[in-house]
Every structure is written in C-alpha cells, then in structure tokens.
Amino acid sequence: ACSSPWPAARSSTSAGRKLYIRFTKEDTAKSLQTFGYNNPTFASTSAVNHPAGYAADANQSTWWQPDTNDRQIYWMLDTEKGLDLRHIRIEFAQARKYQYRIEISADKEHWTLLSDKTANKENIQVQQIEVSEKEKVRFIRISFPRTEDFVSPAIAEVQVRGYVAD
C-alpha cells in the first residue's frame, strides 16, 4: 500500500461514470475598486514637463497641461477593465474657471456625455461626479473646448471608482 499525505479521493458514480461537480468561487461579492493611479493615460498634447501621466500619478504637486498651441484639447484615462462606473473625481492644479465636458465610453468609439461644464463661470478646484445609473465604462475623456472664456487646463489627479464588470 502506498501512503500519501493527501486524503483518499472519493468519487461518486452513476452507472459507472464519475459525477462532475462544477467549481464555484466561495466569495462572489464585488468590491468597489479605484482606478486612475498608474492606469494608461492619453492626451491631445502635453506641455513641457507636464505629461498626461501626471494626472494619474497620485501626486497632487504634478499635473498634466496641454501645449499652448493645442486647439482640440483632451485628456483620457483607460481603466483597462470594463467597469460599472460609480464615481469620478477630478482635481485641478488650481481653482480656476475651467470649461470642459466629461465623456465615457466602453469601446473608445462611442461616447456618452456624463457632465457638461462648457458654460461654467465659477472657480473649480475639485469636481466629483456620483453615477447612480449603471454605466459600463472603460474610457473617461475630459475635453476642453476653446470658448471665449477659455482657461488652459491643469489636471492634477483623476480618480475613477467602480465595480469590475463580468
């Protein structure tokens, strides 16, 4: 007889066949996760010493800023996962009258407007958006149209929270 440290396997049979028992996870609860820090970022342009990644580096003393000649300014975050979006937090380097729109997309082709601040006349340092409806998202884009009251953006941090979609 062979001795083994493992308990003897038991198999159920039905007419000579083994009964298959499907593996299931014990913990099926989803947890709210945070994205932004070190996720891939993209921008229309970047000013010298202010690359797109600075808006997602968990350091409020660094920020992304576009090149002064950029006429179609945007900054984009790729969460690298499909999310049920719940929260977006944008922190600017300083409080100014930024005018912008926030759009979301699952595929980087079809965009949905989430927030429109293109007519903003108030100083904004931090904007927080709570999302109550279930939105499947992977990409978040913040664009800054050149209006007559244009203020060049300086994004210090973007944080996105959601549940990883199955």
Student: State plainly whether one hydrophobic cluster holds both Ile142 and Val131, where clusters connect Ile, Leu, Val, Met, Phe, Trp and Tyr through side-chain heavy atoms under 4.5 angstrom apart.
Tutor: yes
Student: Where do Ile73 and Ser44 come nearest, in terms of heavy atoms and distance?
Tutor: CA-OG, 3.3 Å
Student: Answer yes if Ile88 and Leu83 sit in the same cluster of Ile, Leu, Val, Met, Phe, Trp and Tyr residues linked by side chain heavy atoms under 4.5 Å apart, and no otherwise.
Tutor: yes
Student: I need the Asn39 CG to Lys81 NZ distance, nearest 0.5 Å.
Tutor: 8.5 Å
Student: Hey, are the side chains of Gln159 and Phe35 touching, using non-hydrogen atoms and a 4.5 Å cut-off?
Tutor: no
Student: Going by heavy atoms in the side chains, are Leu32 and Arg86 under 4.5 Å from each other?
Tutor: yes
Student: Quick one: is the NZ or CZ of Arg141 closer than 6.0 Å to the six-membered ring centre of Trp75, and within 45° of its axis?
Tutor: no
Student: Heavy-atom count around Gln125 CD within 6.0 Å, excluding the residue itself: above 12?
Tutor: yes
Student: Going by distance alone, is a donor N or O of one side chain under 3.5 Å from an acceptor N or O of the other, for Asp107 and Ser105?
Tutor: yes
Student: Does CZ in Phe92 sit with more than 12 non-hydrogen atoms of other residues, nucleotides or ligands closer than 6.0 Å?
Tutor: yes
Student: Within the structure provided, determine whether Arg89 and Gln128 are in side-chain contact (heavy-atom separation under 4.5 Å).
Tutor: yes
Student: Can you find a pair of side-chain heavy atoms, one from Lys97 and one from Glu122, that are under 4.5 Å apart?
Tutor: no
Student: Heavy-atom distance under 4.5 Å between the side chains of Arg101 and Lys117, does that happen here?
Tutor: no
Student: Are Lys108 and Phe42 in a cation-pi setup, meaning NZ or CZ lies under 6.0 angstrom from the ring centre and within 45 degrees of the ring axis?
Tutor: yes
Student: Carefully, step by step, assess Asn59 and Ser61 under the rule side-chain hydrogen bond (donor to acceptor under 3.5 Å, both in side chains).
Tutor: CA-CA 5 Å; Asn59 181 350; Ser61 65; 2.6 Å; yes
Student: Looking at every non-hydrogen atom in both residues, tell me the closest pair between Ala52 and Ala43 and how far apart they are.
Tutor: CB-CB, 3.8 Å
Student: Is there side-chain contact between Ile90 and Val126, with heavy atoms separated by less than 4.5 Å?
Tutor: no
Student: Mind checking the OH-CD spacing from Tyr163 to Gln33? Nearest 0.5 Å is all I need.
Tutor: 10.5 Å
Student: Roughly how far, to the nearest 0.5 Å, is OG of Ser152 from CZ of Arg96?
Tutor: 7.5 Å
Student: Is it true that Tyr98 and Phe150 have ring centroids separated by less than 6.0 Å?
Tutor: no
Student: So, taking the atom named CD1 in Ile104 and the one named OG1 in Thr79, what distance separates them when rounded to the nearest 0.5 Å?
Tutor: 11.0 Å
Student: Just by distance, do the side chain of His87 and the backbone of Glu130 share a donor-acceptor pair under 3.5 Å?
Tutor: no
Student: Ignoring hydrogens, what is the shortest heavy-atom contact between Pro145 and Thr118? Give both atom names and the distance.
Tutor: CG-CG2, 3.6 Å
Student: Taking atom CD of Glu103 and atom NE2 of His110, what is their separation to the nearest 0.5 Å?
Tutor: 13.0 Å
Student: Mind checking whether Ile140 and Trp111 sit in one hydrophobic cluster, side chains of I, L, V, M, F, W, Y counted as touching below 4.5 Å?
Tutor: no
Student: State, with a plain yes or no, whether a side-chain heavy atom of Gln65 is found less than 4.5 Å away from one of Ser46.
Tutor: no
Student: Applying a strict under-4.5 Å side-chain criterion to I, L, V, M, F, W and Y, I'd like to know whether Tyr100 and Leu114 cluster together.
Tutor: yes
Student: Which pair of heavy atoms, one from Asp84 and one from Ala165, lies closest together, and at what distance?
Tutor: OD1-CB, 4.2 Å
Student: Consider side-chain contact (heavy atoms from CB on, under 4.5 Å). Of Ile155, Val151, Asp70, which one does Phe144 pass it with?
Tutor: Ile155
Student: Do the side chains of Gln127 and Ile102 get nearer than 4.5 Å, heavy atoms only?
Tutor: yes
Student: Under a single-linkage definition using a 4.5 Å side-chain heavy-atom cutoff for Ile, Leu, Val, Met, Phe, Trp and Tyr, are Trp64 and Ile124 assigned to the same hydrophobic cluster?
Tutor: yes
